[in-house]
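The sequence lines fix the lettering, A, B, ..., with proteins before strands; numbering per chain opens at 1.
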Amino acid sequence: MKRRTWFTIIAIAIIIGVYVYEYVLVEAEQAEIVLEGKEAKANTNAFFLPTSTTNQIIHHNGYSLSYSEPHEQAEWVAYELKKSHLSNTNHKRPYFEIDKAVKTGAASWRNYKNSGYDRGHLCPAADRRYTKAAHDETFLTSNISPQDHQFNAGIWNTLEQKVRYWARKYNGVFVVTGGVLSGRMKTIGSEGVSVPNYFYKVLIDSNSGKTKMIAFLMPHKDSSKPLYEFVVSVDEVEALTGIDFFPELADELENKLEASRSYKDWSF
DNA sequence: CTGTTCAAC
DNA sequence: GTTGAACAG
């Protein structure tokens with residue numbers, strides 16, 4: 001054979017080799033994500049997970065989420081905030097990363113760049129400070145929603161601090177949170193990330209005596225009102241979002257707790 | 001705590 | 001790209 005023919009054969013072999021190598025890498029990565037998901041699921045209190053209206057639930061080690069592809073964000077993020085999770089350790093704030101576990105492709109952080117909106121955490125970084133890994137895991141684009149800075153640093157931040165206060169006081173709480181992804185919404189970035197008009201937070205405590213719930217629904221703007229002014233029933237959040245929050249709970253208890261908008265069992 | 005921006009390496 | 005400091009509520 002001519003030397004040129006050999007060059008051609010070797011060149012083709014190299015190209016094929018690279019493709020096969022990359023294919024194997026991607027497969028291995030996917031397998032790893034699935035495995036991580038399974039391990040993570042074992043860590044989460046699956047009993048309290050809501051239903052997914054989007055059919056795409058993802059389990060990370062520190063939280064689970066249901067991703068809405070049309071809105072390029074999670075419809076809910078859920079996690080258990082144990083008393084033992086509360087930590088004062090400081091970790092350096094990392095860059096946000098695209099969540100590779102989202103099969104339909106999670107939003108890029110670039111959508112938020114110069115959008116005028118914060119990359120607002122759903123599972124707050126401050127709730128996962130017990131390890132660096134747990135902290136950094138909250139910096140995935142599947143865990144953020146566009147939030148007005150005054151809102152995020154204001155009333156929403158106040159609510160997040162109250163959740164930590166309750167986790168301390170009641171020996172842990174289970175948290176479900178997200179933006180209300182319905183109605184007319186503004187979008188940001190080339191991928192069209194929806195800007196929710198409301199954010200909600202639903203809590204359940206089954207660690208300190210009788211099971212209790214509380215839900216908050218907040219317009220996406222800062223407020224100086226007291227937190228309890230934003231308390232609604234879980235049923236109201238369900239009606240707005242289409243999410244069924246605690247389907248595994250015994251129906252009688254679920255119906256009773258979710259219909260109530262009383263906050264007498266929660267100390268402010 | 002919640003974040004963003006900008007300069008230097 | 002990474003890192004660190006300054007800034008704002």
### Task
Measure the spacing between CZ of A:F246 and CD of A:E258 and express it to the nearest 0.5 Å.
7.0 Å

### Query
More 5' along DNA chain B: A:K113 or A:Q161, using each one's nearest nucleotide?
A:Q161

### Summary
When rounded to whole Å, the CZ to C1' distance for the pair A:F139 and B:dG3 reads 10 Å

### Contact check, side chains of A:F96 and A:Y112, non-hydrogen atoms, under 4.5 Å
no

### Query
Contact class for A:N157 vs. all strands (heavy atom < 4.0 Å): base, sugar-phosphate, or nothing?
base

## Note on the structure
Of the candidates B:dT2, B:dT4, C:dG4, the side chain of A:K92 sits closest to C:dG4

### Task
For B:dG3, take OP1 and OP2 only and decide whether either is under 4.0 Å from a side-chain N or O of A:R93.
yes

### Task
For A:G120, answer base if it contacts any base atom (sugar-phosphate contacts may also be present), sugar-phosphate if it contacts only those atoms, and nothing otherwise; contact means non-hydrogen atoms under 4.0 Å.
sugar-phosphate

### Task
State, with a plain yes or no, whether a side-chain heavy atom of A:E97 is found less than 4.5 Å away from one of A:T141.
no

### Query
If you round to the nearest 0.5 Å, how far is CG of A:L86 from CG of A:L81?
5.0 Å

### Message
Output the rounded distance in Å from NZ (A:K162) to P (B:dT2).
### Response
16 Å

### Query
Over how many whole Å does the gap from A:R128 atom CZ to B:dT2 atom P extend?
13 Å

### Query
The side chain of A:N114 lies closest to which of these nucleotides: B:dT5, C:dG4, B:dT2?
B:dT5

### Task
For A:Q150, answer base if it contacts any base atom (sugar-phosphate contacts may also be present), sugar-phosphate if it contacts only those atoms, and nothing otherwise; contact means non-hydrogen atoms under 4.0 Å.
sugar-phosphate

### Message
Please report the distance, rounded to the nearest Å, between NZ in A:K221 and P in B:dT2.
### Response
24 Å

### Task
For this output row, return yes or no: ring centroids of A:F199 and A:H220 closer than 6.0 angstrom.
yes

### Query
C:dG9 P sits how many Å from A:Q147 CD, rounded?
19 Å

### A:N111 CG to B:dT4 C1', straight-line distance once rounded to whole Å
17 Å

### Message
If I take atom CH2 in residue A:W156 and atom C1' in nucleotide B:dT2, what distance separates them, rounded to the nearest angstrom?
### Response
13 Å

### Task
Take the protein atom NE2 of A:H91 and the nucleotide atom P of B:dG3, then report the distance between them rounded to whole Å.
16 Å

